[in-house]
A.B. asks: 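Attaching a single structure in C-alpha cells format; questions to follow.
These numbers come from a predicted model, not from an experiment. Positions are given from 1 along the sequence. Heavy-atom basis, side chains included; hydrogens, waters and symmetry copies ignored.
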Amino acid sequence: MIHGTSLESIIRIIHVSICPFIPSLSIPDTYSFSDTISNIYSQHVQRLASILCLMIILLAQSLNQTRYSHVCLVEPERAQYGGGIIVNPEFDHNIDSWRVFGKGSIKEQISNEGNRFIVSHNRTQPLDSFSQKVQLQKGMLYTFSAWFQVSEGSDTVSVMFRTKESELVRGGQVIAKHGCWTLLKGGIAANFSSPVDILFESKNSTVEIWADNVSLQPFTKKQWRSLQDASIERVRKRRVRFQITRVNETALKGATVIARPVKLNFPFGCGMNHYILTNKDYQSWFLSRFKFATFTNEMKWYSTEKEQGVENYTVADAMLKFTKENGISVRGHNIFWDDPKYQLEWVKTLSPADLKKAAAKRMESVVSRYKGQLIAWDVMNENLHFHFFEDKLGQNASAEAYATAYELDSTPKMFLNEYNTIEYSGDEASSPVNYMKKIKEILSFPGVAGMSAAIGLQGHFASGQPNLAYMRSSLDLLATTGLPMWLTEVSVDPQPSQAEYLEEVLREAYSHPGVDGIIMFSGPAQAGFNTTTLADENFKNTPAGDVVDKLIREWGTGPNIATADGRGMVDISLHHGDYDVTVTHPRIHSPRKLNLSVMRDLSLETIHVKMY
C-alpha cells in the first residue's frame with residue numbers, strides 16, 4: 001500500500017492502538033454508595049476512553065461513507081477502520097499472516113506506483129484464493145471491505161466466511177474488473193464465538209484474484225445503534241435555529257417554540273388488505289399511524305380475473321376509494337408475478353400466443369384503470385427468482401412489461417421487487433450484483449427512456465439475528481445506481497426476539513441515505529397478519545407493535561417543543577417535512593404562527609421571530 005500522512009492515518013493509529021483494549025461498557029444512571037473513589041475514577045477513565053473510540057469509529061465511518069462509490073480506481077484507497085482485526089491488511093509486510101486456501105498459489109505484487117497487494121494465481125477451483133483466520137465473538141456485527149481486481153476481463157468476487165464446521169457463509173460480492181480497483185463491502189453477524197477463515201470466490205478459476213486493503217471491523221450492538229442514530233441525525237433531520245425577540249429586538253428568554261409536523265417527507269407505511277373495508281377498528285388503527293400503503297393481494301391478477309375474461313375490480317376499487325378519502329398514497333402491487341406457483345390455472349394452460357394476448361389485456365386493464373392514482377407499480381414481481389413469463393414469451397418479457405407499463409402511465413415509479421437481496425446473503429439469485437445486472441438490462445430496453453425505475457427490496461427476514469452488516473453493504477452497493485430505493489414488504493418471522501430484530505431492520509433502513517421509503521407487510525391479527533403481528537385480536541399492541549409506534553413517534557410525528565435561552569435563541573433538530581410553528585411567551589398575549597419546510601438542503605440561517 002502507498003503510504004502517506006492524512007487524517008485517516010491518524011484515525012487509524014488511534015483506533016488500532018487504543019480501541020481494541022477498551023471494554024464495551026454500560027453506563028449506569030447513578031452510582032451506588034458502595035462504589036469506592038478508585039472504582040469511580042477508573043470507570044470514568046474507561047468511559048471517556050470508550051466515548052473517544054466511538055467518536056473515532058463515527059468519524060472513520062463518515063469518511064468511509066462519503067468516499068464510497070461503485071467506480072473503478074487506478075489505485076485502491078486505504079483500508080477502512082485501519083483494517084480492523086485483520087493482520088497485515090495493506091500488505092506492508094509482504095504476505096505475512098495470509099495463506100493459501102484450496103489449491104493454487106499466492107504472492108505479493110507491486111504496481112508501477114509502488115502499491116503492494118496480494119495475488120491468487122494458478123487457480124483451478126472457484127474457492128482457490130488466499131485466507132486469514134480471525135476470531136469472531138458471539139453477538140458482534142462485523143463489517144468487511146477490500147479492494148479487488150481480476151487479471152483479465154471481469155468477474156464477480158465474493159467474500160466467504162468458513163466456520164469450524166466448514167460451513168460457508170457468503171458475506172458480500174462485487175464485480176471486479178481488470179485494470180482498476182473496485183471496493184467490495186459486506187459483513188457477518190456472529191451467532192457464535194469461534195475462529196473463522198476469511199476467503200474469496202471467483203467462479204471463473206482461470207483468472208487471478210488481486211486484493212488490497214482488507215478490513216474486518218467488529219461492532220457491538222450498542223456501537224451499531226450509535227452509528228445508526230448519527231446517520232439519522234445527518235441524513236433525515238436538519239437543525240433549525242430561531243431567534244425570538246420583541247419588536248425592539250430585545251431577546252425573549254423563556255419563549256416557547258412548538259413545531260408540529262403537517263407532512264413528513266419520508267414515507268413509512270404498511271400493507272393493507274380487504275378487511276379495511278368492513279372492520280372499523282382496523283380502519284382506526286391504520287389511519288392513526290400511516291399515510292402510505294400497499295394492497296397485499298387485491299390488485300394482483302389472480303384477484304381481479306379469477307375466470308378468464310371476467311374481470312372484477314370491486315374490492316381494489318373500494319380500497320383505493322378509502323385511501324383517497326383518507327389521504328393515503330398507494331403503491332400498486334403487482335401487474336405480473338413471475339412465480340409459476342401464483343399463476344391462475346387458466347393462465348398456466350394458455351399457449352404462448354394466447355398468453356401474450358391475455359397478458360397484454362391484463363396490462364392494459366389494470367394500468368389504465370388506475371392511471372394517475374398510484375405512486376408506484378411493482379411491474380414484474382420476483383423475476384430474479386422466477387421466469388414464468390420469460391419461459392413462455394421470450395427472454396425480453398420482463399423488459400417489455402416495463403416499457404408497456406410506462407407507455408400506459410408514465411407517472412408512477414416502476415419497481416423491480418425482489419426478496420433476499422438484503423435479507424439473506426446465501427441467495428445468489430437475487431444478490432445485489434445480480435439485481436443490478438437485471439435492472440441495467442431492463443433500462444437498456446427500447447421504450448423505457450425517461451421511465452422512473454426504482455429498486456424494491458421486500459425485506460422478509462427469517463428467524464435469527466438479521467445480518468445488519470450485510471444489509472448495510474447491500475444498500476450501499478444498490479445506492480450506487482442512483483435509483484430510488486424502498487423496502488417494500490418488511491416482516492420478521494415469529495421468534496422470541498422478533499420485536500428487537502424488527503426495530504434493528506427498520507432503523508437500519510431509515511438510517512441509510514439511499515433508502516427513500518419503507519412499507520411493512522404487517523398489521524393486526526383481525527386482518528390476518530400472522531407473521532409480523534402488530535396488534536392482537538383486541539387491537540392491543542404486540543411487542544412488535546410497540547416498536548412500530550415508538551419509531552413513528554421518534555421519526556417526527558409528535559410536536560417538538562423547545563425554550564429560548566437568555567439570547568432568545570432556540571435550536572431544534574427536525575425531521576425533513578412541513579411544520580406549523582407556534583411561538584408563545586408568558587408576557588406576550590398573541591402567539592406568532594408560521595409555516596416551515598425543513599429540507600436536506602435547508603439554509604442554516606437563523607429564523608427571526610418578533611413578538612408583538
A.B. asks: Taking atom CD as the centre, does Glu537 end up with more than 12 heavy-atom neighbours from other residues, nucleotides or ligands that are less than 6.0 angstrom away?
C.D. replies: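 Yes.
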A.B. asks: For a salt bridge (charged side-chain N to carboxylate O under 4.0 Å, His left out) check, start with the C-alpha distance between Arg369 and Glu311, then their side-chain angles and the critical distance, and finish with the verdict.
C.D. replies: CA-CA 12 Å; Arg369 186 180 195 87; Glu311 294 182 332; 5.8 Å; no
A.B. asks: Which pair of non-hydrogen atoms, one from Ala509 and one from Val515, has the smallest distance, and what is that distance?
C.D. replies: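 Of all heavy-atom pairs spanning Ala509 and Val515, the closest is O-CB, 3.3 Å.
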A.B. asks: side-chain hydrogen bond (donor to acceptor under 3.5 Å, both in side chains) for Asp493 and Ser463? Distances and angles first, verdict last.
C.D. replies: CA-CA 6 Å; Asp493 281 358; Ser463 294; 4.6 Å; no
A.B. asks: Within a reach of under 6.0 Å around CD of Glu325, are more than 12 heavy atoms found that belong to other residues, nucleotides or ligands?
C.D. replies: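 Check passes, neighbour count above 12.
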A.B. asks: What do the steps show when you test Glu345 against Lys348 for salt bridge (charged side-chain N to carboxylate O under 4.0 Å, His left out), and what is the final call?
C.D. replies: CA-CA 5 Å; Glu345 287 302 317; Lys348 293 179 183 179; 3.3 Å; yes
A.B. asks: Verify the distance criterion only: is there a donor paired with an acceptor across the side chains of Thr304 and Arg362 at less than 3.5 Å?
C.D. replies: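 Indeed, the side chains of Thr304 and Arg362 share at least one donor-acceptor pair under 3.5 Å.
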A.B. asks: Between Ser365 and Tyr313, is there a side-chain heavy-atom distance shorter than 4.5 Å?
C.D. replies: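 They are in contact (side-chain heavy atoms under 4.5 Å apart), so the answer is yes.
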A.B. asks: Tell me, do Tyr302 and Val347 make a side-chain contact under 4.5 Å, heavy atoms counted?
C.D. replies: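 Result no, sub-4.5 Å side-chain heavy-atom pair not found.
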A.B. asks: Would you check if Arg472 and Gln228 make a side-chain contact, meaning some heavy-atom pair closer than 4.5 Å?
C.D. replies: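 Side-chain contact under 4.5 Å: yes.
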A.B. asks: Could you state the interatomic distance from NZ (Lys371) to OG1 (Thr411), rounded to the nearest 0.5 Å?
C.D. replies: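 Rounded to the nearest 0.5 Å, the NZ-OG1 separation comes out at 7.5 Å.
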A.B. asks: Is a side-chain N or O of Ser511 found less than 3.5 angstrom from the main chain of Glu508, in a donor-acceptor match?
C.D. replies: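 Between the backbone of Glu508 and the side chain of Ser511 there is a qualifying donor-acceptor contact (under 3.5 Å).
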A.B. asks: Is a donor from one side chain sitting under 3.5 angstrom from an acceptor on the other, for Thr606 and Arg241?
C.D. replies: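 Per modelled atom types, Thr606 and Arg241 side chains form no pair under 3.5 Å.
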A.B. asks: Quick check for you: to the nearest 0.5 Å, what is the distance between His333 atom NE2 and Met299 atom CE?
C.D. replies: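 Rounded to the nearest 0.5 Å, the NE2-CE separation comes out at 11.0 Å.
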A.B. asks: Is the shortest side-chain heavy-atom distance between Leu478 and Leu457 below 4.5 Å?
C.D. replies: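 Sidechains of Leu457 and Leu478: in contact.
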A.B. asks: Would you say the side chains of Asn417 and Asn334 form a donor-acceptor pair under 3.5 Å?
C.D. replies: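 Short answer, no.
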A.B. asks: Taking Leu416's backbone N and O only, do any of them form a donor-acceptor pair with Tyr435's side chain (distance below 3.5 Å, no angle check)?
C.D. replies: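 Yes, the answer is positive, given that a donor and an acceptor are paired below the 3.5 Å cut-off.
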A.B. asks: I need the single residue from Tyr419, Tyr424, Trp337 that forms a ring pair (Phe, Tyr, Trp, His ring centres under 6.0 Å) with His385. Which is it?
C.D. replies: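 With His385 as partner, ring pair (Phe, Tyr, Trp, His ring centres under 6.0 Å) holds for just one option, Tyr419.
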A.B. asks: Would you call the rings of Trp285 and Tyr282 parallel, tilted or perpendicular, where under 30° means parallel and over 60° means perpendicular?
C.D. replies: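 Tilted: the ring planes of Trp285 and Tyr282 meet at 30° to 60°.
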A.B. asks: So, taking the atom named OG1 in Thr143 and the one named OH in Tyr470, what distance separates them when rounded to the nearest 0.5 Å?
C.D. replies: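 OH of Tyr470 is found 15.0 Å from OG1 of Thr143.
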A.B. asks: Centroid-to-centroid, Phe461 to Tyr501, below 6.0 Å?
C.D. replies: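 Phe461 vs Tyr501: aromatic centres not under 6.0 Å.
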A.B. asks: Do Asn381 and Asp338 have a side chain donor and acceptor closer than 3.5 Å?
C.D. replies: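 No pair is found: no donor N or O on one side chain lies under 3.5 Å from an acceptor on the other.
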A.B. asks: Treating Ser474 as the side-chain partner and Pro432 as the backbone partner, does any N or O pair qualify as donor plus acceptor under 3.5 Å?
C.D. replies: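 Not a single qualifying donor-acceptor pair exists.
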A.B. asks: Counting only N and O atoms by type, is there a donor-acceptor contact under 3.5 Å from the side chain of Ser226 to the main-chain atoms of Lys222?
C.D. replies: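 Judged by distance alone, yes, a pair lies under 3.5 Å.
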A.B. asks: Are Arg225 and Glu504 ion-paired here, with the side-chain N under 4.0 Å from a carboxylate O?
C.D. replies: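 Salt bridge absent between Arg225 and Glu504.
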A.B. asks: For Lys440, look at atom NZ and say whether over 12 heavy atoms of other residues, nucleotides or ligands are found less than 6.0 Å away.
C.D. replies: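 Counting neighbours around NZ of Lys440, 12 or fewer heavy atoms of other residues, nucleotides or ligands fall under 6.0 Å, so no.
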A.B. asks: Could you measure the distance from the CE atom of Met414 to the OG atom of Ser452? Nearest 0.5 Å is fine.
C.D. replies: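 Here the rounded value is 8.5 Å.
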A.B. asks: Of all heavy-atom pairs between Asp409 and Tyr370, which one has the smallest distance, and what is that distance?
C.D. replies: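 Minimum heavy-atom contact is OD2-O, 4.2 Å.
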A.B. asks: Mark yes or no for whether Asp516, through its side chain, and Met485, through its backbone, hold a donor-acceptor pair below 3.5 Å.
C.D. replies: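 At least one qualifying donor-acceptor pair exists.
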A.B. asks: Report yes if some heavy atom in the side chain of Val609 is under 4.5 Å from a heavy atom in the side chain of Val257; otherwise report no.
C.D. replies: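 In short, these two side chains do not touch, never coming nearer than 4.5 Å.
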A.B. asks: Kindly determine whether Phe415 and Trp377 satisfy ring-ring contact (aromatic ring centres under 6.0 Å, His included), including the steps that lead there.
C.D. replies: CA-CA 6 Å; Phe415 279 79; Trp377 265 119; over 10 Å; no
A.B. asks: If you draw a 6.0 Å radius around NZ in Lys177, do more than 12 non-hydrogen atoms from other residues or ligands fall strictly inside?
C.D. replies: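 12 or below, so no.
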A.B. asks: Mark yes or no: Arg331 above the aromatic ring of Phe292, with NZ or CZ under 6.0 Å from the six-membered ring centre and no more than 45 degrees from the axis.
C.D. replies: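 Negative - Arg331 is either too far from the ring of Phe292 or too far off its axis.
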A.B. asks: Got a donor-acceptor contact below 3.5 angstrom from the Asn273 side chain to the Ala527 backbone?
C.D. replies: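 Confirmed, Asn273 side chain pairs with Ala527 backbone.
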A.B. asks: Decide if the gap between the ring center of Trp301 and the ring center of Phe336 is smaller than 6.0 angstrom.
C.D. replies: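 Centroid distance Trp301-Phe336: below 6.0 Å, so yes.
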A.B. asks: Taking atom NZ of Lys356 as the centre, report whether more than 12 heavy atoms of other residues, nucleotides or ligands fall under 6.0 Å from it.
C.D. replies: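 Open: at most 12 neighbouring heavy atoms sit under 6.0 Å from NZ of Lys356.
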A.B. asks: Side chain of Tyr579, backbone of His575: donor and acceptor closer than 3.5 Å?
C.D. replies: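 Flag set: sc Tyr579 to bb His575 pair under 3.5 Å.
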A.B. asks: Starting from the C-alpha separation in whole Å, work towards a yes-or-no answer on side-chain hydrogen bond (donor to acceptor under 3.5 Å, both in side chains) for Lys392 and Gln343.
C.D. replies: CA-CA 13 Å; Lys392 298 278 188 177; Gln343 307 305 321; over 6 Å; no
A.B. asks: Does any N or O in the side chain of His460 come within less than 3.5 Å of the main-chain N or O of Glu489, such that one atom is a donor and the other an acceptor?
C.D. replies: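 Side chain of His460 to backbone of Glu489, a donor-acceptor pair under 3.5 Å: yes, one is there.
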A.B. asks: Roughly how far apart are Arg239 CZ and Leu574 CG, rounded to 0.5 Å?
C.D. replies: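 Result: 9.0 Å between the selected atoms.
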A.B. asks: Between Asn434 and Glu428 (side chain of the first, backbone of the second, donor and acceptor by atom type, cut-off under 3.5 Å), is there such a pair?
C.D. replies: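 Here the side-chain-to-backbone pair exists.
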A.B. asks: What is the minimum heavy-atom distance between Ser368 and Leu408, and which atoms define it?
C.D. replies: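 In this case the closest contact between Ser368 and Leu408 is OG-CD2, 3.9 Å.
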A.B. asks: A side-chain contact here means heavy atoms from C-beta on lying under 4.5 Å apart; do Thr532 and Leu502 qualify?
C.D. replies: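 Yes, at least one pair of side-chain atoms sits under 4.5 Å.
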A.B. asks: Let me see the working for Arg238 and Arg600 under side chain to side chain contact (heavy atoms under 4.5 Å, CB included), right down to the final yes or no.
C.D. replies: CA-CA 7 Å; Arg238 192 72 172 173; Arg600 183 175 297 187; 5.6 Å; no
A.B. asks: Looking at Glu305 and Lys300, is there a salt bridge between them, counting it only when a charged N and a carboxylate O are closer than 4.0 Å?
C.D. replies: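 Here Lys300 does not pair with Glu305 in a salt bridge, since their nearest N and O are not under 4.0 Å apart.
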A.B. asks: Can you tell me how far the OG atom of Ser284 sits from the CZ atom of Arg289, to the nearest 0.5 Å?
C.D. replies: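 Result: 10.0 Å between the selected atoms.
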A.B. asks: Decide yes or no for Leu277 and Val315: does some side-chain heavy atom of the first lie under 4.5 Å from some side-chain heavy atom of the second?
C.D. replies: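 The answer is yes, as the side chains (C-beta and beyond) meet within the 4.5 Å cut-off.
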A.B. asks: Nearest heavy-atom pair of Asn467 and Ala189: which atoms, and what distance?
C.D. replies: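 For Asn467 versus Ala189, the nearest heavy atoms are OD1-N, 3.4 Å.
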A.B. asks: Of Glu423, Glu382, Glu418, which is the lone residue that meets side chain to side chain donor-acceptor pair (under 3.5 Å) with Gln458?
C.D. replies: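 It is Glu382; the other options fail the test.
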A.B. asks: Using side-chain heavy atoms (C-beta onward) and a distance below 4.5 Å, is Lys185 in contact with Leu183?
C.D. replies: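 Result yes, sub-4.5 Å side-chain heavy-atom pair found.
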A.B. asks: Between the main-chain N or O of Leu483 and the side-chain N or O of Thr481, is there a donor-acceptor pair closer than 3.5 Å?
C.D. replies: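 A pair under 3.5 Å: yes.
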A.B. asks: Write down the atom of Thr582, the atom of Pro591, and the distance for their closest heavy-atom approach.
C.D. replies: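 Minimum heavy-atom contact is CG2-CB, 4.1 Å.
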A.B. asks: Can you see which heavy atom on Asn383 is nearest to which on Ser398, and at what distance?
C.D. replies: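 Closest heavy-atom pair between Asn383 and Ser398: ND2-OG, 2.5 Å.
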A.B. asks: Check the pair Glu441 / Lys437 against salt bridge (charged side-chain N to carboxylate O under 4.0 Å, His left out), numbers first and verdict last.
C.D. replies: CA-CA 6 Å; Glu441 172 190 313; Lys437 288 179 180 177; over 6 Å; no
